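Down below is the structure, laid out as structure tokens.
Heavy-atom basis, side chains included; hydrogens, waters and symmetry copies ignored. Keep in mind that this is a model prediction, so the values were computed, not measured.
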Amino acid sequence: MKEVRVRFAPSPTGFLHIGGARTALFNYFFARQNKGQLVLRIEDTDSVRQKEDSIGQILDSLKWLGIDWDEGPDQGGDFGAYYQSQRLSFYSNAAAELIQSRKAYYCFCTEEELETERKRQRKEGTLIRYSGKCRELSKNEVRERLEQGLKPVIRIKLADFDQIIVNDLIRGLVKFKSDQFDDFIIIKSNSLPAYNFACVVDDHAMRISHVIRAEEHLSNTPKQQYLYEALGYTIPKFAHLSMILAPDRSKLSKRHGATSVSEFKDMGCLPEAIINYLTLLGWSPGEGKSELISPEQTIRSFSLDKVSKTAAVYDIQKLVWLNGQYITEYNLEKLTLYAVPFLIQAGIVSSIEAEQNHSYISAVVKTVRERVRTLQELAEASRYFFKDIIMYDEKGKEKYFRQENVAILLSEGKERLAGIEDFNVENTEKAYRNLMEELDIKGGQIIHPTRLALTGRTVSPGLFDVMALLGKKRCLERLEQAIDYINKMKS
RNA sequence: GGCCCCAUAGUCAAGAGGCCUAAGACGCCGCCCUCUCACGGCGGAAACAGGGGUUCGAAUCCCCUUGGGGCUACCA
């Protein structure tokens, strides 16, 4: 069987958004499943829309997600270069060949001329097509104009045909009638190739066997197929993935909140969770299978004909839920590593402290992880393990600190804690349980105010886990602080 | 406007003519567990866009309408 080679071909116009990431991911799944190659190609032929550093961002996001490729701009490969801007000779050679065989021609029409023509066609209600005016220019006429310094485009000369049929692996046979096409541009007047041309030349030169890309390219495929035939290339297999839409079903854009991989990263999503989420967007592991699925599992059962044809609206809530699942299951050491930057970012620890207190941080992460869903939440939930209490939760204050005799209760508690030698979860709990029994009170009566005193909040991990982590000294100090505070509240 | 793709709950999705009184997951609601929150457990509300065919039988096949998306650029 022919070797499977697929590619992901982003254009560097911004961050890697989730649609692009999913396209990359499905290419990756397909390549790995078929023991094929994934190549990364940068489509940077539009100098106007290029964004500085976009390539670096995209590569970083891909790597961070754990999507690795076999050939590409950073590590090279046998079919380079991997930037279209460095492959210009491929395109001009291919175009020259087409001109030579009279399948393409120079066109000197200016943009203004074309615009007037289009305007007229719009008014007349006819199809908007290039007239083919420059088709019949003689060699001499072309040479003359070239010598005048005019910058032509090169257009493909469409032969008569009835229709073009695209056989899409996901959508089946798709037919396009010939009247939809005109002599489209393959080389722009700045000598750079137009997308449809560059794409064909490169996919052929790079021996791409399967073109797996977003649905927005489905309508371009007949043009590309025409070009394959004109150039005598064999046509690869195509698979067009449905689009990913914003919650209002419009195209994804910045106004829809987080849409790029880097934004999800900044929110505190784990790469594995994003991968898992993206896997589920347009593909399903099948009936009765868990939705928590690793790339390895997906690679085993992935299949393009099971990919959904329907555009998907992404749902950040499910991503966040998945992320929470990953946070609780994650390797603790790795999770700590991911968490530290968020603690620093939130001003909870300094980078120096982070290095010195690694094992303490890890212990905090361990007790907090189960009830947070993002690393940002994790940082926030960890604050009082590092910082003193400067304020108490408003509602909690009213509810617990105004309880009768609460100060006395807390000082009792403090007393008991003070007497503990080995200040751990079991012993602190035992001390408190004994106290409750002696005073004949219910747990909540002392546990809630204590929690507020120790954490400043009404919500936390189990109280005795908090105590053990905080340590005896800080527990006693915070109880003292709360008692003072309560006494001041009264007066 | 023309052409193309798509259409199962709020969202992702299973479903390939009878197994459908339509899975599962997120979210939502209720209950249980419980020191709070989360986790977990149990239960609930919630969908085949509409209309025509074909068929003994349609979520599944065909047609139309509607809706959404894409392409129609010297963007990719």
Aromatic ring proximity, centroids under 6.0 angstrom, A:F181 and A:Y226:
no

Close aromatic pair by centroid cut-off 6.0 Å: A:H217 and A:Y195:
yes

Heteroatom pairs (N/O) under 3.5 angstrom, protein to nucleotides 66-70 of chain B:
unit_1, atom_1, unit_2, atom_2, d
B:rG70, O2', A:E216, O, 3.2
B:rG70, N2, A:S219, OG, 3.3

Does [X] make a cation-pi contact with [Y], if we ask for NZ or CZ under 6.0 Å from the ring centre and within 45° of the axis?
X      : Y      : result
A:R155 : A:Y130 : yes
A:R300 : A:F302 : no
A:R145 : A:F108 : yes

N/O donor-acceptor pair, side chain A:N220 with base B:rA76, under 3.5 angstrom
yes

Can you figure out which of [options] approaches the side chain of [X] most closely?
X      : options                : answer
A:V174 : B:rC26, B:rC6, B:rC5   : B:rC5
A:I128 : B:rA73, B:rU36, B:rU11 : B:rA73
A:I447 : B:rA76, B:rC5, B:rC35  : B:rC35

For B:rG18, give its Watson-Crick or G-U wobble partner with both distances under 3.5 Å, or none.
B:rC56

Between A:E426 and A:K430, does any NZ, NE, NH1 or NH2 come within less than 4.0 Å of an OD or OE carboxylate oxygen?
no

If you assign A:Q325 and A:L281 each to the RNA chain B nucleotide with the nearest heavy atom, which residue ends up on the more 5' nucleotide?
A:L281

